[in-house]
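Okay, structure first, notes after.
Chain letters run A, B, ... following the sequence lines, proteins first, then strands; residues in each count from 1.
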Number of protein chains: 2
Amino acid sequence: MRPRANLRLPARVRSTPQRRAGLDAIASATGAFTAAEIYDRARATAPKLGLATVYRTIELLRRAGSVRPLAGEGRPAYVRCRPGHHHHLVCVACGSVEETELCAAPPAAELARRYGFAADTHEVDFYGTCRRCA
Amino acid sequence: MRPRANLRLPARVRSTPQRRAGLDAIASATGAFTAAEIYDRARATAPKLGLATVYRTIELLRRAGSVRPLAGEGRPAYVRCRPGHHHHLVCVACGSVEETELCAAPPAAELARRYGFAADTHEVDFYGTCRRCA
DNA sequence: ACGCATTTGAGAATCATTAACAAAGGATGG
DNA sequence: CCATCCTTTGTTAATGATTCTCAAATGCGT
């Protein structure tokens, strides 16, 4: 729908047709996607592409912070991410995923004081209905 | 460690030795647990217990709201839950899981206004170090 | 105790993901 | 343009958690 430009392979890796095909398929994905979906889509441009390579490409992007595995709610999937702190609005109707910088996390200081818990990271996912599915 | 009392089978299901064994194993679990762990533990009292039955018991409790699958961070696992709104503090060192009612959820109105997103639920998991592992 | 719907165990099936490994192919210096 | 070498790839098998199948066993209301 609205392919974002900021999706690149990390430096230090080779540019291959398979990676480009996978990257393009991910770049043009709307909302959440599965490895199998990317596999199907990318084979339109790279017919000999293997599923393992799709997983490898996703892993590259995940390490680069551009893709994040999306937990919970049935089938496994991934979402594109911009770097930096943000969370996800997951539409339970159409599966689209939007990012928001709004954060539902209580401050770490409060967790430390009340529970003695030193929070490193947190994950927040909102589930509901997006604008179009309303 | 601190077995909670509020862990019961839903009404309308039969009380069997296998379910009781699974229930007890879950009730005495500290923090996160896997199906395999419950399986091993419960077989001490019900040697003929099958792994599938453990999954069935977990599913019963999940539907009752007493157990929740814990997403992310490597290995799959479950946590006991009390009913009602709360989130989890997951210790990445020892695996213990504590509940907190602290929640700074952005008001649904804010999500609706800024994104047109009607949020039904949200999930927040904190990953860090607990008091004992500090 | 009876009867029957529920529950169970064992193992096969599924599904996503990873691992292994030999073959293919970029990138670089000559 | 070419040889070299290290990266990358595809195929296939392996893994690991979970679910399914189905006949046999068993709660529990009557």
### Axis-to-axis angle between the two ends of the helix from C:dA1-D:dT30 to C:dG30-D:dC1 (five base pairs per end, rounded to 10 degrees)
30°

### Check: B:R19 side chain, B:T57 main-chain N or O, donor-acceptor pair, under 3.5 Å
no

### Query
C:dT6 P sits how many Å from B:E59 CD, rounded?
17 Å

### Task
Round to a whole Å and report the spacing from CZ of A:R19 to P of C:dG26.
12 Å

### Query
Can A:T100 and B:Y115 be counted as having a side-chain donor-acceptor contact under 3.5 angstrom?
yes

### Query
Between D:dT11, C:dT17, C:dG9, which one does the side chain of B:R56 approach most closely?
C:dG9

### Query
Do A:R62 side-chain atoms and A:P69 backbone N/O form a donor-acceptor pair below 3.5 Å?
no

### Message
I'd like to know if the side chain of A:S28 pairs up with that of A:R41 as donor and acceptor (distance under 3.5 Å, no hydrogens or angles considered).
### Response
yes

### For the student: nearest non-hydrogen atoms of B:R20 and B:S15, plus distance
NE-OG, 3.0 Å

### Task
Mark up nucleotides 25-30 of chain D, 5' to 3', with B wherever a protein heavy atom is under 4.0 angstrom from a base atom, S wherever such an atom reaches only the sugar-phosphate, and - elsewhere.
-BBS--

### Task
Calculate the interatomic distance between B:E37 atom CD and D:dT18 atom P; express it in whole Å.
11 Å

### Message
Rounded to whole Å, how long is the line connecting atom OH of B:Y39 with atom P of D:dT19?
### Response
16 Å

### Summary
Heavy atoms of A:L60 and A:P10 approach each other most closely as O-CG, 4.0 Å

### Task
Round to the nearest Å and state the distance from A:L51 atom CG to D:dT15 atom C1'.
15 Å

### Message
Would you say B:Y55 places a side-chain N or O within less than 4.0 Å of OP1 or OP2 belonging to C:dT7?
### Response
no

### Query
Taking side chain as C-beta onward, heavy atoms only, is B:T129 less than 4.5 Å from A:F117?
no

### Query
Between B:L49 and B:Q18, which heavy-atom pair has the shortest distance, and what is it?
CD1-CB, 3.6 Å

### Query
Just to confirm, is there a sub-4.0 Å distance from OP1 or OP2 of D:dT18 to any side-chain nitrogen or oxygen of B:Y78?
yes

### Task
Measure from CG on B:L9 to P on C:dT6 and round the result to the nearest Å.
16 Å

### Summary
In short, side chain to side chain donor-acceptor pair (under 3.5 Å) pairs touching residues 44-54 of chain B with sequence neighbours left out are B:T53-B:R56

### Nucleotide C:dA16, atom P - distance to CZ of A:F33 in whole Å
15 Å

